[in-house]
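Input: a single structure, listed below in structure tokens.
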Amino acid sequence: MLPLTRRRFAFAAGTALAGLTAPRILRAQGKPRVVVIGGGAGGGTAAHQIAKDSAGAIDVTLIEQNKRYTTCFFSNLYLGGYRDLESITHGYDKLASGYGIAVVNARAAAIDRAARQVVMADGSKIPYDRLLVSPGIDLIWDSVPGYSEAASEVMPHAWKAGPQTRLLKTRLDAVENGQQIVMVAPPNPYRCPPGPYERASMMAHVLKAKGHTGAKIVILDPKPKFSKQGLFAEGWEKHYPGMVEWYGPDVHGGIKGVDPAAGTVQTDFDTFKGALVNVIPAQRAGAIAAEAGLTDASGFCPIDPASMRSKVDEAIFVVGDASIAGDMPKSAFSANSQAKVAAMTIRGDLTGSRTFPARYSNTCWSLIETDDGVKVGAQYSPADGKIASTTSFVSKTGEPADLRRDNYGESVGWYESITTDIFG
């Protein structure tokens, strides 16, 4: 197991709630109840950690609509042909059988904060003493004029893994030599900052492997720069010369809209036509968080950086992509790290167990070509009212091939570790 996975994942300081000490909760109703909404890197990890570390002292319910969960992280490797879809798809049987977690595969429709209940789509209600919300992101469809949920069946986003991922793979495999792929990258903040550019690399890898070096990938970006830009630019020139072109707003002048029927993207500079158009729109916190009043004007959820506790409701914690996590990017590693901080704080609230100062970690790996992996990451702690970076690192251009190969191997080990954290 890699040392930067489990052993370096964070623990946090819990903040005791006045008038809600553990003895009162336990005396009033037996076991305290924790409900977790969302079974991904944040929610699955939190449910697992709370159930495991409380040794049965807390009743844990995990609400996740999907019985089988396909991870968005590593889905680019599926597109590139390095993984099959089954290898990034997981179930919750181990959490239920091994840790006594009540797994509810249904949709949570609302949060009744006054009654401390989660209202399910069928009208049933699940009470909680603490609620952890990890709903991921929702897509802002109209952030790209002409785009919509219906249009995503023609111009897939694949920024939520599953059927969209399969559709994008099918469309990619159908691209012929001489044709063009057009990607519309998302504005900040969004899930997985290096993700669109790793995706472009994997698309180029597939085309190159077929001998389709006359095909082209055009990235239209609303941002003037992006994560690991120098590393990707170096890799594209080395492995895919002439195949990948990135245009920032100073070149294209602004993305004016898409025409799904024509397969085009209109900018101030030109109209780009693609045999495949991949549109990744702007994002916000999952709808249930907004509907419960947990978000602010940014569309994401403010949290206490020492605990991941919602600044809106002291009985609720928000982790992962939906949270405003300061310097931390929206990544699976971040969500997992935040979940462990929140889980420890919740145990402290409900059982009086010891808590420790919050420490967070993140690493994001990207594969550019076979055995050419790069990474960026940091350590974090609460400071000045936010989660602040304390140390950081990033791969360098011109690194030796064996180091890049080791980076990729490290990422594979991390995937096995984090999915065990999430799914048991």
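All values reported here derive from a predicted model rather than from experimental measurement. Side chains included, hydrogens not; waters and symmetry mates left out as well; all remaining heavy atoms used.
With Y147 contributing its side chain and M155 its backbone, the two residues share a donor-acceptor pair below 3.5 Å. With hydrogens and angles ignored, the 3.5 Å screen pairs a side-chain donor or acceptor of H252 with a backbone N or O of D221. In this structure, the side chain of N76 engages the main chain of G195 through a donor-acceptor pair within 3.5 Å. Remark: side-chain polar atoms of D112 are paired, donor with acceptor, to backbone N or O of A115 under 3.5 angstrom. In terms of modelled atom types and a separation under 3.5 Å, the side chain of T45 and the main chain of G42 share no donor-acceptor contact. Of the possible polar contacts, none joining the K375 side chain to the N407 backbone as a donor-acceptor pair under 3.5 Å is found. Under a 3.5 Å cut-off, the side chain of Q283 and the backbone N or O of R191 do form a donor-acceptor pair. Judged by distance alone, with hydrogens and angles left aside, the side-chain atoms of R171 form no donor-acceptor pair with the main-chain N or O of N278 at under 3.5 Å.
If you take CG on D372 and CG on L231, they are separated by 9.0 Å, rounding to the nearest 0.5 Å. With rounding to the nearest 0.5 angstrom, the CD atom of Q379 is 5.0 Å from the OG1 atom of T391. Expressed to the nearest 0.5 Å, how far CD1 of I288 lies from CD1 of I111 amounts to 4.5 Å.
Relative orientation of the F74 and W414 rings is tilted, given thresholds of 30° and 60° on the angle between their planes. Ring pair Y190/W159 is tilted by interplanar angle, where 30° to 60° counts as tilted.
The six-membered or imidazole ring of H205 lies near that of Y82, with a centre-to-centre distance under 6.0 Å. Taking the six-membered ring for Trp, F226 and W246 have ring centres closer than 6.0 Å.
Nearest heavy atoms, S334 versus N362: OG-OD1, 3.2 Å.
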Query raised in the report: After noting the C-alpha distance and the side-chain angles of E234 and R404, does the key distance pass the salt bridge (Lys or Arg N to Asp or Glu O under 4.0 Å) rule?
Result: CA-CA 13 Å; E234 177 193 55; R404 294 293 182 85; 3.4 Å; yes
**Request:** Take D304 and S307, measure what side chain to side chain donor-acceptor pair (under 3.5 Å) needs, and give me the verdict at the end.
**Result:** CA-CA 6 Å; D304 171 11; S307 63; 3.1 Å; yes
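Residues passing the side chain to side chain contact (heavy atoms under 4.5 Å, CB included) test with Q164 are S152, E153, P156, H157, A158, L167, sequence neighbours excluded. Evaluation of the side-chain hydrogen bond (donor to acceptor under 3.5 Å, both in side chains) rule for K52 yields no partner, not counting sequence neighbours. In terms of the side chain to side chain contact (heavy atoms under 4.5 Å, CB included) criterion, D93 has no residue partners (sequence neighbours excluded). Partners of R284 by side-chain hydrogen bond (donor to acceptor under 3.5 Å, both in side chains), not counting sequence neighbours: none found. Among residues two or more places apart in sequence or in another chain, the side-chain hydrogen bond (donor to acceptor under 3.5 Å, both in side chains) test is passed with T61 by none.
Applying the salt bridge (Lys or Arg N to Asp or Glu O under 4.0 Å) test to residues at least two apart or on different chains, none of the pairs has a partner in residues 34-51.
Around CG of D84, the count of heavy atoms belonging to other residues, nucleotides or ligands within 6.0 Å exceeds 12.
In this structure, K386 forms no cation-pi arrangement with Y380, as its terminal cationic atom is not both closer than 6.0 Å to the ring centre and no more than 45° off the ring axis. A cation-pi arrangement is present between R83 and Y415, with the terminal nitrogen or guanidinium carbon under 6.0 Å from the aromatic centre and inside a 45° cone about the axis.
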